[in-house]
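To start, the structure under review is shown below, and the notes come after it.
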Amino acid sequence: VQLQASGGGLVQPGGSLRLSCKASGTVSDITAMGWFRQAPGKQRELVATITTDGHTNYSNSMKARFTISMDSPKNTVYLRINNLEPEDTAVYLCNADVVWFQRGIRNYVEVWGQGTHVTVSS
């Protein structure tokens with residue numbers, strides 16, 4: 001599985017963005033996808049995750065302005081960010097939980113995309 005994130009850029013405070021993360025490869029092995037972010041000088045933090053059957057989970061601090069969604073036919077996960085704040089400036093990374101069975105043994109790997117930069121500034 002490979003992930004390609006896009007949609008970042010320079011946005012003014014109060015604006016909105018929709019980030020996309022497109023999966024390719026053996027996408028049928030994906031069980032969940034998520035968005036994380038890493039601001040300069042800070043640790044990576046969870047934004048939100050979504051399972052392939054639509055269950056979502058958000059970081060408590062991001063429930064109000066962030067919306068994760070999945071377009072399964074397009075193998076794409078989106079992250080909508082409203083009312084952007086300068087503190088949202090970060091690299092946004094998508095990841096996927098990939099699970100497959102081989103000879104009855106469950107295998108798991110977490111795959112990461114390359115990230116897309118979001119800068120919120122006037």
Report the distance from atom [atom1] of [X] to atom [atom2] of [Y], rounding to the nearest 0.5 Å.
| X | Y | atom1 | atom2 | value |
| --- | --- | --- | --- | --- |
| Leu93 | His117 | CG | NE2 | 8.5 Å |
| Lys74 | Ser20 | NZ | OG | 9.0 Å |
| Arg37 | Leu46 | CZ | CG | 10.5 Å |
| Cys94 | Met33 | SG | CE | 5.5 Å |
| Met70 | Thr49 | CE | OG1 | 9.5 Å |
| Ile30 | Thr51 | CD1 | OG1 | 12.5 Å |

Using atom types as modelled and distance alone, determine if a side-chain donor or acceptor of [X] lies under 3.5 Å from a backbone N or O of [Y].
| X | Y | result |
| --- | --- | --- |
| Gln102 | Arg106 | no |
| Tyr58 | Ile68 | yes |
| Gln114 | Ala5 | yes |
| Asp71 | Ser69 | no |

Intermediate values then yes/no, side chain to side chain contact (heavy atoms under 4.5 Å, CB included), Ser59 and Val47: CA-CA 5 Å; Ser59 172; Val47 177; 5.9 Å; no
Can you tell if the side chain of [X] reaches within under 4.5 Å of the side chain of [Y], non-hydrogen atoms only?
| X | Y | result |
| --- | --- | --- |
| Trp100 | Thr26 | no |
| Arg65 | Ile81 | yes |
| Ser72 | Thr52 | no |
| Asp88 | Phe66 | yes |
| Val120 | Glu85 | no |

Are [X] and [Y] grouped together when hydrophobic residues (ILVMFWY) are joined by side-chain heavy atoms under 4.5 angstrom apart?
| X | Y | result |
| --- | --- | --- |
| Trp112 | Leu19 | no |
| Tyr78 | Val11 | no |
| Val91 | Val111 | no |
| Val99 | Val27 | no |

Charged tip of Arg44 within 45° of Phe36 ring normal and under 6.0 Å: no
Closest approach of Gly14 to Asn83 (non-hydrogen atoms, all atoms of both residues): CA-OD1, 3.5 Å
Which atom of Ser6 lies closest to which atom of Thr116, heavy atoms considered: C-OG1, 3.9 Å
Heavy-atom neighbours of Glu110 CD exceed 12 at 6.0 Å: yes
